[in-house]
Number of protein chains: 2
Amino acid sequence: MVFGKSCSQCSVRDAALCGVLADADLAPMAAHGTQRRLARGETLIRAGDPVRLCANIQRGLMKISHTNPAGQEVILGLLWPGDFVGTPFLDGGPAPHDVVALGAVSLCVFAQGTIERTMADHPLMQRQLLSRTLAELGQVRGSLSRLARATALARVAGFIAQTAQRHRADSEDERQIELPLSRGEMADLLGLTIETVSRQMTRLKAAGVIGLPGGRRVLIQDPHALAEAAEDHV
Amino acid sequence: MVFGKSCSQCSVRDAALCGVLADADLAPMAAHGTQRRLARGETLIRAGDPVRLCANIQRGLMKISHTNPAGQEVILGLLWPGDFVGTPFLDGGPAPHDVVALGAVSLCVFAQGTIERTMADHPLMQRQLLSRTLAELGQVRGSLSRLARATALARVAGFIAQTAQRHRADSEDERQIELPLSRGEMADLLGLTIETVSRQMTRLKAAGVIGLPGGRRVLIQDPHALAEAAEDHV
DNA sequence: CGGGCATTTGATTTAGCTCAATCCCCGTGG
DNA sequence: CCACGGGGATTGAGCTAAATCAAATGCCCG
């Protein structure tokens with residue numbers, strides 16, 4: 001894959017931006033992809049409905065969320081550019097959760113029937129999908145551990161640190177990041193309330209660990225102390 | 001797969017007991033399996049070590065666990081007979097978590113190199129593995145939602161209800177189950193303390209929802225009320 | 001400039017934790 | 001057969017982190 005080459009399938013200018021092509025083993029897939037865009041708040045997959053697609057995120061973030069019987073929303077995870085969503089299988093059963101765009105999103109959508117045939121012909125591609133899914137399973141189990149025992153401070157600090165890591169690649173200023181979520185969304189993701197999230201942010205700011213220049217921006221003043229705070233368990 | 005036939009690879013008397021053979025698509029795998037037994041407390045996979053095996057659980061339960069910086073153990077999930085553990089890939093990277101036997105366990109262990117070659121020749125088998133892994137990802141995300149918002153009562157009731165569902169298949173008395181975990185292990189799984197788990201059990205008993213005949217046994221007196229309690233969110 | 005929303009801050013309440021004391025099985029040995 | 005331990009489980013009495021309720025502040029955008 002030549003850097004700078006455009007992705008013919010997805011009409012993305014730089015091939016590197018087309019998540020799916022970043023991995024050579026997944027290339028056979030790209031031939032069957034079609035472009036789709038979502039606006040903020042649009043639902044791609046609704047819990048309970050049969051999953052009719054498999055897609056790779058090119059730009060923007062999505063949330064996997066669940067609304068419990070009491071009507072509270074819980075954000076079960078975020079999907080970043082390069083991540084897959086949905087299932088390549090037609091008979092994958094009903095979707096376990098909602099998948100919703102957090103902002104403007106571009107996707108490479110693959111038809112399930114086609115992709116399943118493609119997989120049969122390209123074991124390496126399927127291998128790569130399995131490998132990624134196993135890795136994700138490990139990640140999700142990691143966040144279980146945070147929700148089980150971490151203090152509010154550790155959850156918030158951990159989220160900021162993790163977001164910073166994701167941003168590091170494509171950032172002009174190493175130390176300044178823009179959180180992809182509102183305080184309310186952070187609360188839903190971390191299993192806290194808006195007020196508690198806000199208080200912990202203030203606390204980190206007061207301790208000189210971070211700066212809050214306004215909006216969703218965070219200035220990481222003391223990365224070491226931030227990592228330390230993220231490990232603060234009861 | 002003929003019911004009642006013995007599993008020649010795993011020396012399990014009834015083929016149906018050999019988890020891996022329960023699924024026809026996974027049959028090619030069985031030819032490469034070797035039997036292994038673990039005693040209670042034995043560690044199969046240690047977090048951080050490279051994962052050298054892929055196995056299918058035949059009998060007994062295992063826990064996926066993580067010990068956080070403060071030294072508290074968190075149980076991230078349970079593995080039941082029929083479940084897979086480890087990775088079929090040699091380059092799967094370091095294990096994200098520990099995997100430990102909760103009691104006596106029998107496994108069908110597959111060599112990674114062999115299984116990877118087998119997968120290349122049997123796309124349906126790989127397909128099945130991917131499909132199972134995607135399903136498990138959904139399950140784990142479901143438990144995230146419980147840890148994020150559910151009350152102590154809901155966590156405990158949910159665990160009992162879930163265990164009952166698993167037991168239903170192989171139980172003589174529909175209503176009586178034997179919990180696979182001690183109170184302490186339940187606490188580590190549900191993100192609570194031993195005392196809180198105990199109090200919620202007592203509460204369910206006092207409400208006539210369950211009976212506690214002693215040991216780890218639970219008598220489910222009112223399945224509907226139990227399900228209701230499991231949905232009790234703040 | 002002002003309205004509407006997100007965020008912050010404050011006061012109070014509460015679910016679950018901590019610490020501490022039994023209790024209850026259940027196996028062991030006298 | 002029964003006293004004696006011992007580990008898991010239960011129960012009790014405060015304590016605390018985070019939730020809840022309520023108000024104030026800041027900020028974006030017309």
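Just so we're on the same page: letters track the sequence lines, and every chain starts at 1.
- Looking at residues two or more places apart in sequence or on another chain, you find a side chain to side chain contact (heavy atoms under 4.5 Å, CB included) between A148(B) and V74(A), L147(A).
- In this structure, CD of E185(B) is placed 16 Å from P of dG7(D), rounded to the nearest angstrom.
- Counting heavy-atom neighbours within 6.0 Å of R46(B) CZ, excluding the residue itself, gives a total of 12 or less.
- Rounded to whole Å, the distance from CD1 on I210(A) to P on dT7(C) is 14 Å.
- Residues satisfying the side chain to side chain contact (heavy atoms under 4.5 Å, CB included) criterion with T196(B), sequence neighbours excluded, are A152(B), L192(B), T193(B), Q200(B).
- Rounding to whole angstrom units, CG of residue L153(B) and P of dC17(C) are separated by 13 Å.
- Computed from coordinates, the R203(B) CZ to dG16(C) C1' distance equals 11 Å when rounded to whole Å.
- The separation between E178(B) atom CD and dG8(D) atom C1' is 14 Å, rounded to whole Å.
- Legend: salt bridge (Lys or Arg N to Asp or Glu O under 4.0 Å) pairs involving residues 184-196 of chain B, not counting sequence neighbours, sorted by first then second residue: R149(A)-D188(B).
- When rounded to the nearest whole Å, the span between CZ of R149(A) and C1' of dT18(C) equals 13 Å.
- One interatomic measurement links the two molecules: CZ of R217(A) to P of dC28(D), which rounds to 8 Å at whole-angstrom precision.
- Looking at residues two or more places apart in sequence or on another chain, you find a side chain to side chain contact (heavy atoms under 4.5 Å, CB included) between S131(B) and F89(A).
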Got a list of protein N/O to nucleotides 9-13 of chain D N/O distances below 3.5 Å?
unit_1	atom_1	unit_2	atom_2	d
dA9(D)	OP2	R183(B)	N	3.2
dT10(D)	OP1	R183(B)	NH2	3.3
dT10(D)	OP2	R183(B)	NE	2.7
dT10(D)	OP2	S198(B)	OG	2.9
dT10(D)	O5'	S198(B)	OG	3.1
dT11(D)	OP2	T202(B)	OG1	2.8
dG12(D)	N7	R199(B)	NH1	3.0
dG12(D)	O6	R199(B)	NH2	3.2

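- Between the CG atom of L192(A) and the C1' atom of dT20(D) there is a distance of 14 Å, given to the nearest Å.
- Evaluation of the side chain to side chain donor-acceptor pair (under 3.5 Å) rule for Q139(A) yields no partner, not counting sequence neighbours.
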